Each structure stands twice: as structure tokens, then as C-alpha cells.
Colleague: 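What follows is a structure written as C-alpha cells; I'll ask about it next.
As the structure is a prediction and not an experimental result, all values here were calculated from the model. Residue numbers begin at 1 in each chain, while the letters A, B, ... track the order of the sequences.
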Protein chains: 2
Amino acid sequence: MADIYRALADPTRRAVLDELHERDRQTLFELCGRLAVKHGVASSRQAISQHLGVLEEAGLVRVEREGRYRFHSIDTAPLRAITERWPARQGKDGPS
Amino acid sequence: MADIYRALADPTRRAVLDELHERDRQTLFELCGRLAVKHGVASSRQAISQHLGVLEEAGLVRVEREGRYRFHSIDTAPLRAITERWPARQGKDGPS
DNA sequence: TTGACATGCAAGTCCAAACTTGCATATCGT
DNA sequence: ACGATATGCAAGTTTGGACTTGCATGTCAA
């Protein structure tokens, strides 16, 4: 499984996760349209496709193939690894 | 406040957070030594310094100046924004 | 089978960011 | 004051990654 942190580094990929979080099982074309309209993302189909590849390798997006369609869904499970890697310690961090 | 996601994207910066999570209030030199020995990080002092700048801008590292020393500490609070942005939804994500 | 639709792949371009290099500043002990 | 220590800054180099471009593959409806 590829690097989840690198996958989250790109703002377009975060917008993809935002959109998939609102609506599951979207195809590449669906995503392209909705990203452009609702998230102001002006990326080409190929660019979004490559972003989906990175997200899929990081385990953040799951894909179901049906005929000529690929339905994409978000998987938030890998995100837990982040807060588990640097857990908050009692009374050490809190805001000033 | 700069991009927390971009700050986490670099493996050396994550090692810095790992080290600061183990031991708070480290100076730049302390960090350089410990990173090399315990985390296999072979970066120059200047490189680490620049990484600390990025982490500080992202709010993940706090600095206390005392004389000629700069003590660095981790602040895990901004990490919450990640899991709060894409919260797990009941019965939608779970593993197959 | 044929054309339209949905996606896949790979080489090339371009820019941000990581790293280096060299010197400057500031603080402490003697 | 002077040397040693700890950090700061900025310009230059280099590498990784985002994006483009062009074509290939695969699926469906007629």
C-alpha cells in the first residue's frame, strides 16, 4: 500500500475525497463534472484518473468494476493511522 | 497557517514528528543527532531546519526560544482536522 | 459489426519543493 | 573582546510529481 500522506498532499485529491464523501459510487466522468461545478476543480479527465490511481493505491478509494463503468467510493479507514501515529498526550499539547 | 497535509507529505518531516513525540523540547542539533541514529535520517542541519520551518507554519511544531537555543515541541492538535474532514459513516466503509 | 462511450496507458513537459552551498547573525563561556 | 556554539538566510541545483498529449483497449446499443 502506497503512502497515504503523499496521497493527501494534493488539494485536487482532497477535493476528490470531499466529493466522494458526499456521494459514493461515482464514475470518473461523474466526478469530473461534479468537481468542476461544486469544487471549482478544473482538471482534465486524465489528471483526475491519475489522482484516483494514487488514492486507490493509498487505500483511500475503493473501486467496483461493472461493465464499462468503474464506481469509486471513499474508504476513511486508513486515516486512523494518522492520529494513531501521533496520539495526543494528556495535558501536553492543549492550546495555549 | 500553512498546509498541514503538505507538511505531512515528506517522510523526513514525519520522522521529526516521531522523534518529537518521543521527546519534547529538542534543539535543532539534538534533533539532527537523534534522527540520524534512531530514525536513519541522513539530512543536513539546514535541511532539518527548513523542515522544522514547514512544520511550524503548519502548527504541528511549537518553538520556545531561550538564549541561543530553540526548543521544539510537537503539537498534535491540528491533526484532528483530518479525521474531522472525512468522518467515518456508519456501516459504509468497513472492510469487506 | 460498427460507432459511441468510458476508461487505460505511456512518453514528454513543466514547476514546486527538497536539498545544497556559502555566509551572516546571535549568544554564551572564558 | 574573542572563540566556540547554535541558529538564520538566501541563491542555486536537482529531483519528484502533476499535468498534458496521443493513442490503445474494452464495453454497450443498434
Colleague: Treating A:Glu56 as the side-chain partner and A:Gly53 as the backbone partner, does any N or O pair qualify as donor plus acceptor under 3.5 Å?
Modeller: no

Colleague: Measure distances between side-chain N and O atoms of B:Arg70 and base N and O atoms of D:dT7, and say whether any donor-acceptor pair falls under 3.5 Å.
Modeller: no

Colleague: Report the distance from atom CG of A:Leu28 to atom P of D:dT27, rounded to the nearest whole Å.
Modeller: 17 Å

Colleague: For the side chain of A:Arg45, counting heavy atoms from C-beta on, which of C:dT21, C:dT7, D:dT7 is nearest?
Modeller: C:dT7

Colleague: With nearest nucleotides of DNA chain D determined for A:Arg65 and A:Arg6 from heavy-atom distances, which residue corresponds to the more 5′ nucleotide?
Modeller: A:Arg6

Colleague: If we check side-chain hydrogen bond (donor to acceptor under 3.5 Å, both in side chains) with A:Glu64, which of these qualifies: A:Arg25, A:His72, A:Arg70?
Modeller: A:Arg25

Colleague: Do you know the tightest heavy-atom contact between B:Pro87 and A:Thr76?
Modeller: O-CG2, 4.2 Å

Colleague: How many whole angstroms separate atom OH of B:Tyr5 from atom P of C:dA17?
Modeller: 17 Å

Colleague: Both A:Gln46 and A:Arg13 contact DNA chain D. Which one's nearest nucleotide lies toward the 5' end?
Modeller: A:Arg13

Colleague: Return the value, rounded to whole Å, for the distance between atom CG of A:Leu52 and atom C1' of C:dT7.
Modeller: 11 Å

Colleague: Nearest whole Å is fine: how far is C:dC19 P from B:Ile48 CD1?
Modeller: 8 Å

Colleague: Starting at atom CD of B:Glu57, determine the distance to atom C1' of C:dA17, rounded to an integer number of angstrom.
Modeller: 13 Å

Colleague: For B:Arg13 and B:Arg6, indicate whether the former's side chain and the latter's backbone hold a donor-acceptor pair under 3.5 Å.
Modeller: yes

Colleague: Can you measure B:Phe29 atom CZ to D:dT7 atom C1' for me and round it to whole angstrom units?
Modeller: 8 Å

Colleague: Which whole-number value in Å describes the distance from B:Tyr69 OH to D:dT5 C1'?
Modeller: 7 Å

Colleague: Looking at A:His51, does any N or O in its side chain come under 4.0 Å of the phosphate oxygens OP1/OP2 on D:dG17?
Modeller: no

Colleague: Whole angstrom is fine here: how far is it from CD in B:Gln26 over to P in D:dT7?
Modeller: 11 Å

Colleague: Quick one: do A:Arg85 and B:Asp18 make a salt bridge, cutoff under 4.0 Å?
Modeller: yes

Colleague: Is the shortest side-chain N/O distance from A:Ser44 to OP1 or OP2 of D:dC19 below 4.0 Å?
Modeller: no

Colleague: Between D:dC19, C:dT7, C:dC5, which nucleotide has the shortest distance from any of its atoms to the side chain of A:Arg68?
Modeller: C:dC5

Colleague: Looking at A:Gln50 and D:dT20, is any side-chain donor or acceptor paired with a base atom of the opposite kind under 3.5 Å?
Modeller: yes

